[in-house]
Novice: 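The structure under discussion is supplied below as structure tokens; questions concerning it will follow.
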Amino acid sequence: MKIETLAVHAGHTIDPATGAVSAPIYLSTTFERDVEGTYSRGFMYTRNNNPNREALERGVSLLEGGEAAAAFGSGTAAVMALFQALAPGDHVLAHVDAYYGTSRLLREIFLRWGLEADFIDMSNLEEVKKALRPQTKLAWAETPSNPLLKIVDLAAVAEIVHGAGALCVCDNTWAPVLQRPFELGSDLILHSTTKYFGGHCDVAGGIVVAKKDSEFFQRVRAIQYSGGAVPSPFDCWLILRGMRTLPWRMRAHSENGIKVAEFLAKHRKVERVHYPGLRSHPGYEIAQRQMSIRSTGAQDGLFGGMLSFQVNGGGEAAMSVAAKTKIFTRATSLGGVESLIEHRASIEGPGTTSPENLLRLSIGLENADDLIEDLDQALE
Ligand SMILES: *Cc1c(COP(=O)(O)O)cnc(C)c1O
């Protein structure tokens with residue numbers, strides 16, 4: 001099946017009891033035991049498993065082409081489970097431009113628990129080779145990265161990392177559907193489903209998808225139900241509902257994204273635009289290969305709805321642009337139908353690598369002309 005068809009149907013079944021086309025939400029925390037003491041229907045206690053969570057996990061693993069998935073109450077809880085599945089002394093290779101919360105987890109929690117980590121620029125393959133150690137167990141690739149939209153060559157990184165006997169994780173939060181990490185060699189995929197999967201800024205969640213139902217994934221699964229950072233049945237239902245329109249939304253986000261990026265690139269008050277769909281972007285060629293919906297026959301890349309740009313005149317000038325937008329809402333997060341604008345440096349605080357004059361945009365599903373007009377008046 002093509003990706004649009006999978007997105008609509010994966011994880012969904014007609015309810016056998018009632019014929020309901022949209023799945024019921026199973027709020028029950030506990031499930032009946034058979035007279036013999038077994039659980040023939042497969043459910044025992046909602047932290048261990050729940051029909052809505054099982055449907056979500058099945059749906060997302062089918063969409064990504066994996067064998068198994070484990071859903072969590074937030075993207076960060078899913079990241080946490082991947083690190084907890086490692087052991088003290090293991091070494092993690094992470095992207096210097098990785099999601100701020102991911103590097104903070106490594107630095108503030110897992111270093112104290114005995115993990116070792118190096119933060120390198122994964123778009124530079126020589127750096128990846130040099131940073132590998134005999135203890136390296138996991139490499140964390142994130143592309144496009146936050147907030148500079150750097151592009152990591154997933155296939156090349158996976159090959160290098162596998163050569164050293166380590167696993168490769170791709171945080172695919174920013175480009176679901178557009179990027180097929182398992183086809184490019186990644187072993188595990190992480191999504192913050194709070195973003196594009198949910199798609200409407202109204203539900204938090206995260207998921208780990210495994211290409212193979214390996215021993216490592218079984219540790220993640222055990223952390224999910226023993227650790228208990230599980231999503232509620234309603235949240236699972238909302239995320240699976242959001243997934244039904246995901247390929248079409250990603251296409252529309254990308255169409256708007258390139259239009260806004262091209263407008264900003266020509267604007268005299270803009271110093272620099274970071275968007276992998278612009279030919280001037282250093283990762284353009286890799287992105288053109290690695291980001292698209294090829295099943296539609298499209299030869300061109302689709303580069304997603306995230307971009308950032310630097311305003312002439314420094315931090316204050318950037319803040320004043322964000323203060324003047326009318327359609328873009330000043331808020332963090334991304335991936336919803338509504339466009340957001342964010343001054344990253346002040347959100348991340350001390351230690352941020354984000355330039356002071358940088359604004360990050362999550363391009364929504366409004367008409368691109370309205371978004372461009374809004375940015376134009378805010379930049380004046
Ligand atoms: C938001 C985000 C996360 C964390 O997800 P939460 O749902 O906020 O916990 C992880 N990685 C990326 C790339 C993100 O954008």
Side-chain angles (χ1 to χ4, degrees), residues 56 60 64 69-84 92 94-110 119 122-123 138-152 154 168-179 181 186 188-209 220 223-224 227 229-232 235-236 238-239 242-243 246 250 253 257 274 276 291 303-308 331-336 340-342 344 347-348 352-354 358 360-364:
L56 172 65
V60 179
E64 286 289 20
F72 292 85
S74 69
T76 305
V79 176
M80 185 104 181
L82 280 166
F83 293 146
Q84 283 171 325
V92 177
H95 195 8
V96 69
D97 205 29
Y99 174 66
Y100 188 70
T102 300
S103 14
R104 190 174 53 198
L105 266 186
L106 274 173
R107 288 199 176 95
E108 292 182 7
I109 299 180
F110 287 100
F119 297 87
M122 288 233 179
S123 55
L138 199 78
W140 191 275
E142 186 176 322
T143 184
S145 71
N146 178 22
L148 293 176
L149 285 288
K150 288 191 179 173
I151 298 297
V152 174
L154 290 173
C168 198
V169 179
C170 172
D171 184 336
N172 204 20
T173 300
W174 280 31
V177 176
L178 307 178
Q179 252 161 211
S186 302
L188 296 143
I189 296 173
L190 176 118
H191 286 286
S192 164
T193 48
T194 313
K195 316 292 172 48
Y196 285 109
F197 269 81
H200 297 74
C201 293
D202 54 10
V203 59
I207 199 160
V208 174
V209 193
V220 172
I223 289 158
Q224 178 197 36
V230 293
S232 78
D235 290 355
C236 294
L238 275 175
I239 293 160
M243 191 179 95
L246 183 61
M250 290 317 294
H253 283 296
H274 305 274
M291 303 178 76
F303 304 95
M306 292 304 295
L307 65 93
S308 62
T332 191
S333 200
L334 60 115
L340 305 178
I341 186 164
E342 187 187 19
R344 256 336 263 179
I347 282 272
E348 293 183 352
T352 179
T353 52
S354 180
L358 179 136
R360 191 182 83 179
L361 302 180
S362 171
I363 303 295

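First listed ligand is number 1; within each ligand, the first listed atom is number 1.
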Novice: Counting both backbone and side chain atoms, is some N or O of T194 under 3.5 Å from an N or O of ligand 1?
Specialist: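 N/O-N/O distance below 3.5 Å exists for this pair.
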Novice: Does the separation of the ring centres of H253 and Y196 fall below 6.0 angstrom?
Specialist: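 That pair passes the under 6.0 Å test.
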Novice: Could you tell me, atom by atom, which parts of ligand 1 come under 4.0 Å of a heavy atom of E142?
Specialist: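 Once the distances to E142 are compared, the set is 13 (C).
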Novice: For atom 9 (O) of ligand 1, what's the nearest protein heavy atom and its distance?
Specialist: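 Protein heavy atom with the smallest distance to atom 9 (O) of ligand 1: T76 OG1, 2.6 Å.
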Novice: Does the gap between the ring centers of W140 and Y99 come in under 6.0 Å?
Specialist: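 They do not qualify: ring centres at least 6.0 Å apart.
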Novice: Evaluating non-hydrogen atoms only, which member of Y99, Y196, Y100 is closest to atom 8 (O) of ligand 1?
Specialist: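 Ranked by closest heavy atom to atom 8 (O) of ligand 1, first place is Y99.
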Novice: Within the 4.0 Å heavy-atom shell around G75, which atoms of ligand 1 are there?
Specialist: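 Selected atoms, number and element: 5 (O), 6 (P), 7 (O), 9 (O).
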Novice: Using the ring of Y100 (Phe, Tyr or Trp, six-membered ring only), decide whether R344 places NZ or CZ under 6.0 Å from its centre and within 45 degrees of its axis.
Specialist: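 Pair R344/Y100 does not count as cation-pi.
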Novice: Evaluate side-chain hydrogen bond (donor to acceptor under 3.5 Å, both in side chains) for S354 paired with E348, printing each intermediate quantity in order.
Specialist: CA-CA 8 Å; S354 180; E348 293 183 352; 5.2 Å; no
Novice: Heavy-atom contact check, 4.0 Å cutoff: does G205 meet ligand 1?
Specialist: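 Per 4.0 Å heavy-atom rule, G205 contacts ligand 1.
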Novice: Give the C-alpha distance, both sets of side-chain angles, the deciding distance and a yes or no for side-chain contact (heavy atoms from CB on, under 4.5 Å) between H95 and K150.
Specialist: CA-CA 10 Å; H95 195 8; K150 288 191 179 173; 4.3 Å; yes
Novice: Over all heavy atoms of both residues, which pair between S333 and R360 is shortest? Give the atoms and the distance, please.
Specialist: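 Between these two residues, the closest heavy atoms are O-NH2, 3.4 Å.
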Novice: What do the steps show when you test Q84 against F110 for side-chain contact (heavy atoms from CB on, under 4.5 Å), and what is the final call?
Specialist: CA-CA 8 Å; Q84 283 171 325; F110 287 100; 3.7 Å; yes
Novice: Say whether D171 and ligand 1 are in contact under the criterion: heavy-atom distance to a ligand atom below 4.0 Å.
Specialist: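 Heavy atoms of D171 do come under 4.0 Å of ligand 1.
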Novice: Report the part of T173 (side chain from C-beta onward, or backbone N, CA, C, O) that has a heavy atom under 4.0 Å from ligand 1; answer both or neither where that applies.
Specialist: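 It is the side chain that gets close, since no backbone atom is under 4.0 Å.
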Novice: In the protein, what heavy atom is nearest to atom 14 (C) of ligand 1, and what distance, to one decimal place, separates them?
Specialist: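 Checking every protein heavy atom, the shortest distance to atom 14 (C) of ligand 1 gives K195 NZ, 3.0 Å.
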Novice: To which protein heavy atom is atom 5 (O) of ligand 1 closest, and what is the distance rounded to 0.1 Å?
Specialist: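 Nearest neighbour among protein heavy atoms for atom 5 (O) of ligand 1, to 0.1 Å: S192 OG, 3.0 Å.
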Novice: Can you check side-chain hydrogen bond (donor to acceptor under 3.5 Å, both in side chains) on N172 and E64, steps first, answer last?
Specialist: CA-CA 10 Å; N172 204 20; E64 286 289 20; 3.3 Å; yes
Novice: What atoms of ligand 1 come closer than 4.0 angstrom to any heavy atom of W174?
Specialist: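 It comes down to these atoms of ligand 1: 13 (C), 15 (O).
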